Structures are given as C-alpha cells and as structure tokens.
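What follows is one structure encoded as structure tokens, with my remarks underneath.
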Amino acid sequence: QVQPVESGGGSVQAGGSLRLSCTMSEDTANANSVAWFRQIPGREREGLAAIDTDGTIKYADSVKGRFTISQDNTKNTLYLQMDNLKPEDAATYYCAAHPGRLPPNWITHGVYHMDYWGKGTLVTISS
C-alpha cells in the first residue's frame, strides 16, 4: 500500500473555489472506502465527504451542497471540489482510505478507523 498524496491546497478568497486531489495506489483505491477529512489546529479531525465501497456518496452536514467528492475512472485519484468557501473552511485537508465498508461513525471518529492517510494539504481563506 502506498500512502495517499494530497495536492491542490492554497489560499483563496471567501466565496471562491478550490479543487483538491488525492493520488492513491491501485491497491489502496480498490475495495476500499475513501474519504476527505479536515483538521483545524486544536480541534478533532472531522470527516467531510466519502465514497463507500458500493459507490454510495456521503457528506457531512457542514459541507453538503458546497463540496463534491468524486473519483476518476481508475479510482486512483480522489477529488474534492470545494465551492462557496467560507473562512471557517480554513484547515489542513486529508484524504484517507479504509479497507472495506465505510465505518458508520466516520465523520466524528474516522481518525481512529481509516487505515491509510495522506500528509495533508493546507487551505487558507481570506475574507
């Protein structure tokens, strides 16, 4: 298994958009549920968007309607399209994978269950 690698972070004005990418090895992407998380300093890492092994897509309420998760056809690249960004979206963003079905508590406790993590990409929002 190769560690996922995130890219696409940067600085954007409030109301703007960014697209994050995460490259995974074929072994990591296949038969795994995959997800995006973020962490603000001093706070718990929270799940944002995920794709389960059957293709079901799930979102946390905090980003529903603004963020979109997707994969390319090979499943080796995971994306997070972030629109209408708000100052509170500023954080380090991580992608992760879990062998098998997405854990039911992935939003609040994914940090304990997802097995493969990238090193993160920083997103800053200017108002």
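Just so we're clear, the structure is a prediction, and the values are computed from it rather than from any experiment.
Minimum interatomic distance between Ala14 and Ser127 (heavy atoms only, all atoms of both residues): CB-CA, 4.3 Å. Met24 approaches Pro4 most closely through the heavy-atom pair CG-CB, 4.1 Å. In terms of heavy atoms, Gln39 sits closest to Arg43 at NE2-O, 3.1 Å. The nearest pair of heavy atoms linking Ile40 to Ala91 is CG1-CB, 3.8 Å. Taking each heavy atom of Gly8 and Leu18 in turn, the nearest pair found is O-CD2, 3.9 Å. What you find for Pro103 and His113 is that their closest heavy atoms are CG-CB, 3.6 Å.
Using a 4.5 Å cut-off on side-chain heavy atoms (C-beta onward), Asp115 and Asn32 make no contact. No side-chain heavy atom of Val123 sits under 4.5 Å from any side-chain heavy atom of Asp89. Taking the side chain as every heavy atom from C-beta outward, Tyr79 and Thr68 never approach each other to under 4.5 Å. Using a 4.5 Å cut-off on side-chain heavy atoms (C-beta onward), Lys58 and Trp106 make contact. At a threshold of 4.5 Å between non-hydrogen side-chain atoms, the residues Met114 and Phe37 count as touching. Side chains of Ile69 and Tyr59 form a contact here, defined as non-hydrogen atoms less than 4.5 Å apart. Within the 4.5 Å cutoff, the side chain of Trp36 has no heavy atoms near those of the Met82 side chain.
A side-chain hydrogen bond (donor to acceptor under 3.5 Å, both in side chains) with Thr56 is found for one member of Asp54, Thr53, Asp52 and no other, namely Asp54.
With values rounded to the nearest 0.5 angstrom, Thr121 atom OG1 is found 11.0 Å from Leu80 atom CG. Rounding to the nearest 0.5 Å gives a distance of 4.5 Å between OG of Ser126 and CD of Gln13. Note that the NE2 atom of His109 and the CZ atom of Arg45 stand 14.0 Å from one another [nearest 0.5 Å]. With values rounded to the nearest 0.5 angstrom, Gln81 atom CD is found 9.5 Å from Ser21 atom OG.
The main-chain N or O of Gly120 is found under 3.5 Å from a side-chain atom of Glu6 such that the two form a donor-acceptor pair. Side chain of Asp72 to main chain of Thr77: a donor-acceptor pair is present (N/O by atom type, distance under 3.5 Å, no hydrogens or angles).
Between Arg38 and Glu46, at least one side-chain nitrogen of the basic residue sits less than 4.0 Å from a carboxylate oxygen of the acidic one, meeting the salt-bridge criterion.
Between the side chains of Ser17 and Asp83, a donor-acceptor pair is found at a separation under 3.5 Å.
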Derivation of the side-chain contact (heavy atoms from CB on, under 4.5 Å) call for Ile51 and Leu78
CA-CA 10 Å; Ile51 302 177; Leu78 185 69; 4.0 Å; yes
Could you go step by step and tell me if Lys64 and Asp61 meet the salt bridge (charged side-chain N to carboxylate O under 4.0 Å, His left out) rule?
CA-CA 5 Å; Lys64 197 175 295 183; Asp61 288 343; 3.2 Å; yes
Could you walk me through whether Glu88 and Ser62 pass side-chain contact (heavy atoms from CB on, under 4.5 Å), step by step?
CA-CA 10 Å; Glu88 54 264 39; Ser62 58; over 6 Å; no
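Val63 and Tyr94 end up in different hydrophobic clusters when Ile, Leu, Val, Met, Phe, Trp and Tyr side chains are linked at under 4.5 Å. Ile57 and Leu102 are not part of a single hydrophobic cluster, where members link through side-chain heavy atoms under 4.5 Å apart.
Ring geometry for Phe67 against Tyr93 counts as tilted: the plane angle lies between 30° and 60°, on a 0 to 90° scale.
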